[in-house]
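Every value quoted in this text rests on a predicted model; they were computed, and no experiment measured them. Along the sequence shown, residues are numbered consecutively beginning with 1. Counting starts at 1 for both ligands and their atoms, in listed order.
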Amino acid sequence: MEFSQYDTNALMRITNRPPLVFVEGRGMWLTDHAGKRYLDYLQGWAVNCLGHSPQCIVDALTAQAGKLINPSPAFYNAPSIELASLLTKNSCFDRVFFANSGAEANEGAIKLARKWGKVNKNQAGADRYEIITFNHGFHGRTIATMSASGKAGWDSMFAPQVPGFPKAELNDLASVERLITDKTVAVMLEPVQGESGVLPATREFMQGLRELTRKRGLLLIVDEVQAGMGRTGTLFAYQLSDIEPDIMTLGKGIGGGVPLAALLCREEVAVFEAGEQGGTYNGNPVMTAVGVAVIKELLKPGFLQSVKDKGAYMRGELLKLCAKHGLETERGEGLLRALKLGKDIGPQIVDAARDMNPVGLLLNSPRPDLLRFMPALNVTTEEIDQMISMLSDILKKLGN
Ligand SMILES: *Cc1c(COP(=O)(O)O)cnc(C)c1O
């Protein structure tokens, strides 16, 4: 089929899409309307942690869809019970609330922290509600999560902002400490900033934050929507720093491609009372059945180690690419990696990679001087080699 045969005018123009319609996906590969294949290093922005249409997800989806699609969150359903216990057994958290998107899980985290700040008032007896977040951080696109985010240009977009999110600097503990007032209730961050260009919080910083928040009676919230679910080579990114946060949010990878997210907290923080949090699709059995299939795959012996190993392999190959083409450096954790180009050629590379023939390569450039890589966690070393070789060809073609 020709692209011109699709009438795309009924869709809102929320992003500049290339003239491609994807019709099929398998593992690391996507096929477009014309039958051209693409090696996919976006994977739905770190969503398809097991690649496109893995058999375990197809099986879980079809089995659950044929059994029970939606009993309503007013009742228990078996897959959500099973997924909640798998998550709590394998983390430092005790309670789970399921949501449909990362932003919705983060809204829940913000509500939970504010509720906790009503229960645990300050010395003057007033509610605490301020949540310290970080410059360049990203927490979603709802009004509150945009205000919590520290993306450049977002403070004036859709103004007025939701108040109560002062911004500190990542890896600068003093900048956090300076913002603490008698209204502060929590500190919220991505253990690896994703949208800002894969900037990991250091182990020292995470440990310092944990100590500071404990000392000052504040909650520590980690947004692991992008970095969680095996992406860093540990099941959760906070485990890299050997700390125990109070609240965590998950999204993206937890559903392996279907809309699923989660808000987790420790028992002492589970202060929602009946009626204070909810949503029509929360804990939907079709989505949580997929979540069960995904986490069981990640927990198979050797899986997380293989993510670490392939992350290290990819790091080595990206560093070689830097040396060969005079690029700045690479950084990241596990299979969430970025290449610092040292010049603003990211968007050019993305276009050239996609348009390569006979097969294309899908890459992401969250900043003009940077490429971000979010392969499936079961990517093979051959697929890493193929990406590196294609990227090297493009860099040469673009005169680097
Ligand atoms: C993608 C992302 C979100 C938002 O998730 P949605 O599912 O798009 O709402 C929030 N936080 C982080 C760190 C993300 O990467």
*Which one of Lys252, His139, Glu195 has a non-hydrogen atom at the shortest distance from atom 1 (C) of ligand 1?*
Lys252
*How does Asn106 reach ligand 1, if at all, at less than 4.0 Å between non-hydrogen atoms: by side chain, backbone, both, or neither?*
side chain
*Walk me through it: do Phe93 and Phe236 pass the test ring-ring contact (aromatic ring centres under 6.0 Å, His included)?*
CA-CA 12 Å; Phe93 304 100; Phe236 303 114; 7.4 Å; no
*Indicate the atoms forming the closest heavy-atom contact of Arg95 with Ala270, along with that distance.*
CG-CB, 3.9 Å
*Met314-Ile349 co-clustered via ILVMFWY side chain contacts under 4.5 Å*: yes
*Which pairs pass salt bridge (Lys or Arg N to Asp or Glu O under 4.0 Å) with one or both residues in residues 2-29, sequence neighbours excluded?*
none
*Strictly under 6.0 Å, is that where the ring centroids of Phe272 and Trp116 end up?*
no
*Would you say the side chains of Thr145 and Thr142 form a donor-acceptor pair under 3.5 Å?*
yes
_Heavy atom of protein inside 4.0 Å of atom 15 (O) of ligand 1, strictly below_ = yes
*Indicate, as side chain, backbone, both or neither, the part of Phe138 found under 4.0 angstrom from ligand 1 when only non-hydrogen atoms are considered.*
both
*Of Pro191, Ser101, Ala227, Gly102, which has the heavy atom at the shortest distance from atom 5 (O) of ligand 1?*
Gly102
*Near Gln226, which atoms of ligand 1 are under 4.0 Å from a heavy atom of that residue?*
15 (O)
*Please work out which of Ala148, Ala46, Ala103 has its closest non-hydrogen atom nearest to atom 9 (O) of ligand 1.*
Ala103
_Tell me which one of Ile57, Leu377, Leu50, Asn378 satisfies side-chain contact (heavy atoms from CB on, under 4.5 Å) with Glu297._
Leu50
_Residue, atom name and distance, where the atom is the protein heavy atom closest to atom 11 (N) of ligand 1_ = Asp223 OD2, 2.8 Å
*Could you list the atoms of ligand 1 found under 4.0 angstrom from a heavy atom of Glu190?*
13 (C)
